[in-house]
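Worksheet for the structure shown next.
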Amino acid sequence: MVDKSKEGLTRLRTRPGERNFALAKLGIGAGLRMAGHTVANLFRDDDERGSSDREFYIREAQRLAAELGSLKGSVMKAGQMLSLYAQYFMPPEAVEVLRGLQDDTVHVDWAVVEPVLRQALGPERLAELDITREPIAAASLGQAHRATQLASGQELCIKIRYPGVDQAIDSDVRTIARLIGFSRLVPSGLSLDPVFTEVREMLHREVDYVHEAEMTESFRQRLQTDPRFVVPAVQDRYSNSELLTMSFEAGESLNSAAVLDLPQARRNALGAAFLELFLREFFSWNLVQTDPHFGNYRIRPGGAEPRIVLLDFGATRRFPKQFVGDYGEIVSGALRRDRQRVIRGASGIGLMQHSFPESVLDGFYELCRLIVEPFSMGQADVPPQLFNASGCYLWAQSDLPQRVTMTIARTALTRHFTIPPREIVFLHRRLAGV
């Protein structure tokens, strides 16, 4: 959504030299502040140092988010994507800095995006539309405006790519890679090349509106007979590589009072639908929309049952059948309490190696068994009090996250994990959202 309290940007810095200068200045400033903070810490005790560290990194997160938000484009999105990987190799404070980039809602002024519309549509097709100048949603790579087709009265949503963001991707990713390298926050000898390769490829997918139109139509066709879901219809006449125009599909935010006040049974049905959709995408279609941002969903709470409006398929990616099969082995093995099956699947996708100590393999199996606990009613190792009489898992009464964390620490799993396969990171981003 758009934050109406923030001023719109009147220009975008899209030239590589201009963006690199801004990022270099940001890096130098952060380095100087870090040096001063480190010196000051020499004169603090342990308690003061911990408190000072937290305050320092919170301030840095705010500075970083503000500067990258003004740059917009792929540098902002790359920072968001990098935050998904950061938990595997960066200190918690650095992860917190990167996660500060997740809520960018600053929009750009109409004067910036109007030339994109004029060039992409031409005067004849542009004259067919009445477009609202205030955006209804803004993100790091583009923003959406509501429109009406004058001849038919049909309500439309036009997604406009910010000018120049597609051309800045490679330069932005290289610059961020250098900044991360200079920060000394990455363990020596650890190559982040696969991470930045994945980030670069995902960014190119997300600015490819032709690809997104194809994915949107694919999902619409797959779900058109399922009354629980609504997918916008792409309007080819007003869509191209810079614009994506779809039918406007109304709905309430997931955090709106209209949704939060729904009866428990209806909210349960929504949760089940979200989970079932994810499982169908991954295991049946091998095609997953990997961005779980709440802004990509709307709820229609009325009718016989609430409906979910699905938006934004730019982050959709295909998963190799072999990967899906191996991942399925982990899940099936955990549900069936089959340790050998779990380890076989984990080895297939590169999470575990048969050469790891038996204690580590046992720890990984225990971790997987814990993670599927909500779907394991009746198993002897699952506390029966965590299920109600209807067999529903009592999430609010469960200490499962704490037990998972303790298992990871107790079995020294973190010492044997490396950066996971890139498919895992984006798959788990969506799974966490579900």
Side-chain angles (χ1 to χ4, degrees), residues 1-2 4 8 107-139 141-163 206-254 256 258-259 273 277 289 291 293-316:
M1 296 296 289
V2 175
K4 299 291 181 63
H107 66 285
V108 303
D109 282 350
W110 176 252
V112 177
V113 297
E114 184 184 22
V116 178
L117 277 166
R118 292 190 177 280
Q119 181 176 358
L121 290 180
E124 180 182 347
R125 283 178 294 169
L126 186 59
E128 298 171 3
L129 304 173
D130 179 20
I131 304 173
T132 303
R133 294 191 172 197
E134 285 294 319
I136 57 175
L141 301 174
Q143 63 190 40
H145 290 254
R146 194 166 178 174
T148 303
Q149 188 182 42
L150 296 174
S152 65
Q154 182 181 8
E155 294 294 311
L156 303 174
C157 175
I158 303 180
K159 188 174 178 180
I160 308 170
R161 190 178 71 194
Y162 292 136
E206 290 209 30
V207 299
D208 183 355
Y209 284 2
V210 174
H211 164 78
E212 185 174 347
E214 292 174 354
M215 293 298 100
T216 303
E217 184 59 22
S218 175
F219 271 73
R220 192 179 72 84
Q221 291 180 7
R222 293 173 190 270
L223 293 170
Q224 60 185 347
T225 59
D226 191 327
R228 296 173 299 174
F229 302 101
V230 178
V231 179
V234 174
Q235 307 296 306
D236 291 333
R237 178 168 175 78
Y238 308 111
S239 299
N240 51 43
S241 60
E242 296 175 284
L243 303 177
L244 177 57
T245 302
M246 302 160 285
S247 58
F248 177 80
E249 303 294 345
E252 302 283 347
S253 164
L254 270 70
S256 69
V259 175
L277 177 62
Q289 194 280 83
D291 187 353
H293 191 283
F294 273 15
N296 294 338
Y297 306 94
R298 292 289 182 270
I299 304 297
R300 293 182 182 173
E305 61 178 325
R307 306 183 74 189
I308 303 172
V309 180
L310 305 175
L311 306 170
D312 196 338
F313 295 89
T316 302

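These figures come from a predicted structure and were not determined experimentally.
Within a 6.0 Å sphere centred on CD of E124, other residues, nucleotides and ligands contribute 12 heavy atoms or fewer. With a 6.0 Å radius and a threshold of 12 heavy atoms from other residues, nucleotides or ligands, E114 has its CD atom above the threshold.
For the side chain to side chain contact (heavy atoms under 4.5 Å, CB included) test, residues two or more places apart in sequence or in another chain that qualify with L150 are D130. Residues passing the side chain to side chain contact (heavy atoms under 4.5 Å, CB included) test with A315, sequence neighbours excluded: M202, E206, Q289, T290, D291, R429. Annotation: salt bridge (Lys or Arg N to Asp or Glu O under 4.0 Å) contacts of E128 (sequence neighbours excluded): R237. Here S152 pairs with Q149, Q154 under the side chain to side chain contact (heavy atoms under 4.5 Å, CB included) rule; sequence neighbours left out. Scanning for side-chain hydrogen bond (donor to acceptor under 3.5 Å, both in side chains) contacts around S247 gives E249, with sequence neighbours left out. For D226, the side-chain hydrogen bond (donor to acceptor under 3.5 Å, both in side chains) criterion is met by R228, R280, not counting sequence neighbours. Partners of Y209 under the ring-ring contact (aromatic ring centres under 6.0 Å, His included) rule, at least two apart in sequence or in another chain, do not exist in this structure. Evaluation of the salt bridge (Lys or Arg N to Asp or Glu O under 4.0 Å) rule for E217 yields R220 as partners, not counting sequence neighbours. Partners of I308 according to the side chain to side chain contact (heavy atoms under 4.5 Å, CB included) rule, which considers only residues two or more places apart in sequence or in another chain, are F229, L270, A273, F274, Y297, I299, L310. For R307, there are no salt bridge (Lys or Arg N to Asp or Glu O under 4.0 Å) partners, not counting sequence neighbours. Residues satisfying the ring-ring contact (aromatic ring centres under 6.0 Å, His included) test with F219, not counting sequence neighbours, are W285, F313.
C157 approaches A144 most closely through the heavy-atom pair SG-CB, 3.9 Å. Taking every heavy atom of both residues into account, A120 and R125 meet most closely at O-NH2, 3.4 Å. Minimum interatomic distance between A250 and V309 (heavy atoms only, all atoms of both residues): O-CG2, 3.7 Å. When every heavy atom of I158 is checked against every heavy atom of A147, the shortest pair comes out as CD1-CB, 3.8 Å. For the residue pair P115 and W110, the shortest heavy atom distance occurs at CD-O, 4.5 Å. The shortest heavy-atom contact between V108 and Q143 is N-OE1, 2.9 Å.
In this structure, the side chains of T245 and L129 stay at 4.5 Å or more apart for every pair of heavy atoms. In this structure, the side chains of L243 and Y238 stay at 4.5 Å or more apart for every pair of heavy atoms. Looking at heavy atoms from C-beta onward, V259 lies out of side-chain contact with S253 at the 4.5 angstrom threshold.
Among pairs with a residue in residues 145-162, those fulfilling salt bridge (Lys or Arg N to Asp or Glu O under 4.0 Å) read R146-E155, K159-E212, K159-D312, R161-D166, at least two apart in sequence or across chains.
Remark: side-chain polar atoms of S239 are paired, donor with acceptor, to backbone N or O of Q235 under 3.5 angstrom. Under a 3.5 Å cut-off, the side chain of E134 and the backbone N or O of T132 do not form any donor-acceptor pair. The closest donor-acceptor contact from the side chain of E242 to the backbone of V116 lies at 3.5 Å or more, if one exists at all.
Expressed to the nearest 0.5 Å, how far CD1 of I131 lies from CG of L156 amounts to 9.0 Å.
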